[in-house]
Amino acid sequence: MSIKSRTKIQDALTSDEFEKEITVKGWVRTRRGNKKIAFIALNDGSTINNIQIIADVPAFPEELLRQITTGACISVTGLLTSSPGGGQNVEIQAQTIELYGAADPASYPLQKKGHSLEFLREIAHLRPRTNTFGAIFRIRHAMAYAIHKYFNDNGFFYLHTPIITGSDAEGAGEMFRVTTLDMNNPPKTQDGKINYKEDFFGKETNLTVSGQLEGELGALALSEIYTFGPTFRAENSNTPRHLAEFWMIEPEMAFYDIEDNMDLAEDFLKYLTVYALEHCHEDLNFLNNMYDKELISRLNSVINTDFMRISYTEAVEILSSSGADFEFPTHWGSDLQSEHERYLVEAHFKKPVIITGYPKKIKAFYMKQNDDGNTVRAMDVLFPKIGEIIGGSQREDDINKLEARIKELDIPMEDLGWYLDTRKFGNAPHSGFGLGFERMMLFITGMSNIRDVMPFPRTPKNAAF
Ligand code: ATP
Ligand code: MN
């Protein structure tokens, strides 16, 4: 028998082939019992639920049983039996047990008692073995799959945009430099600056903050594309909603205006929420009970409501006349902070909100300008407990306005020749948006810190694991 042949615990728990011999493999969650009988709760990550193993103590070597402690990895062969009492329907009467790896209780950091999320962040290499992170990472997988399924089913093509970028015009944030130059002794130009001509790519390069600009190139050929990849921002924002490395989903569509863009964003977010409710209910129930009693009702409320759509100007009016005590005051022209976004969603409208028509001054150069000369066809989707979950826009397709904006912002035009070519050749109205995958994960799981929905989070001063 090959070593991988076994029954997944998920399948064993739902099987009714009693008295059949099966093999399960996994990590011990707990062991209890007495001199005669041992009860081992085993988990293999296929489900949040453990299977109970019953072992007749005298039938096994003492030394083996002694090493079956929390965290140990074992293989168990035995009879699947219908379980009379307790929470479970089935259990396994062990015939043979093989120990793959012990976990010395004196040093294994995950013990039976619940650990704080803060502590678990420090042992991110072991936290996948907890119920909480098992649930979160299974949901994360399901969401990633659902994203590809949604776009595939709707005729979008998955386009891989570069992770190392030579353009510093993406405009979405501070970047991480990519270089192979010797930092202690970099080559210099005559005027004493670092000579990037000698660098690996012969120019300055960075990690991408967004795949959008290249995404537009794809959309203006394949009509509807999406990217789904890692993005990097070197901002020093130590908040529960920011990572230095995060994943972003960026659809980009030819022949979509801002209304079509909003319709897509709303449909997409609802689809993902429905998918989670339908495919991850056990994990969601666990998170709902453990962390956020409103979680499932919040997920249901989002799929059963039309998102509120308002202009930035209306949003500022609501906020200024709200009487709420904000840390940052709002006036027309100021960027909305998370506290404002959450006020609109949670206190005022009590549903997701899409804001359009932002001042052009606070938004990126590529957003389509409205005829008023002041605002752009941007759209931010705001969600309960999160604030901004999506940022998007209709893209500027008037090359004169686009070039004027690039000049105004002092972005080097020569870096963007390839981008401007789309407006010169076969130009088309088009739109797109970016959904932060971990922000979506915060919403779906109800977790409150983005470090807890990313397997190995990178934040300022932290790149462990
Ligand atoms: P924020 O104002 O919340 O910092 P942003 O406006 O800078 O976000 P965009 O450039 O619009 O972000 O990026 C698109 C989406 O990517 C955001 O709506 C958000 O969901 C996500 N996102 C942006 N920055 C981060 C980050 N540092 N960590 C995780 N997700 C992020
Ligand atoms: Mn944004």
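Residue numbers run from 1 in the order of the sequence given. Every number for a ligand or one of its atoms is a count from 1 in the order of the listing.
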Does Ile390 approach ligand 1 within less than 4.0 angstrom via side chain, backbone, both or neither, non-hydrogen atoms only? backbone
Test of proximity, Met248 against ligand 1: N or O pairs below 3.5 Å: no
Partners meeting ring-ring contact (aromatic ring centres under 6.0 Å, His included) with Phe465 (sequence neighbours left out): His125
Around atom CZ of Phe119, are there more than 12 heavy atoms from other residues, nucleotides or ligands closer than 6.0 Å? yes
With distance as the sole test, does Arg439 use its side chain to make a donor-acceptor pair with the main-chain N or O of Arg241 at under 3.5 Å? yes
Note: ligand 1 atoms sitting under 4.0 Å from heavy atoms of Gly391 are 18 (O)
Are any of the heavy atoms in Ile386 under 4.0 Å away from ligand 1? no
contact_flag Arg241 ligand 1 heavy-atom lt 4.0 Å: yes
Proximal atoms of ligand 1 relative to Gly434 (non-hydrogen, under 4.0 Å): 14 (C), 15 (C)
Is it true that, when you exclude Lys8 itself, more than 12 heavy atoms of the residues, nucleotides or ligands shown sit nearer than 6.0 Å to its NZ? no
Among Arg233, Arg458, Glu341, which one puts a heavy atom closest to atom 23 (C) of ligand 1? Arg233
My understanding is that only residues two or more places apart in sequence, or in another chain, count here; which of them pass salt bridge (Lys or Arg N to Asp or Glu O under 4.0 Å) with Lys407? none
With atom 3 (O) of ligand 1 as the reference point, say which of Glu250, Arg439, Glu388 has the nearest heavy atom. Arg439
Examine Lys149 relative to Tyr271 and say whether NZ or CZ is less than 6.0 Å from the centre of the six-membered ring and inside a 45° cone about the ring axis. no
Would you say ligand 1 has an N or O under 3.5 Å from any N or O of Leu435? no
Relative to ligand 1, is Ile450 under 4.0 angstrom through side chain, backbone, both or neither, heavy atoms considered? side chain
Reference residue Glu224; test side-chain contact (heavy atoms from CB on, under 4.5 Å); the match among Tyr256, Phe255, Phe151: Tyr256
Can you list the ligand 1 atoms lying under 4.0 Å from a non-hydrogen atom of His242? 1 (P), 3 (O), 4 (O), 26 (C), 27 (N), 28 (N)
Mind checking whether Ile406 and Tyr366 have side chains closer than 4.5 Å, heavy atoms only? no
The Mn ion (ligand 2) to Glu388: nearest N/O/S atom name: OE2
Region of Glu235 engaging ligand 1 - heavy atom pairs below 4.0 Å: neither
Quick one: does Ser320's side chain have a donor or acceptor within less than 3.5 Å of a partner on Val316's backbone? yes
For Gly436, the atoms of ligand 1 under 4.0 Å from one of its heavy atoms are 15 (C), 16 (O), 20 (O), 21 (C)
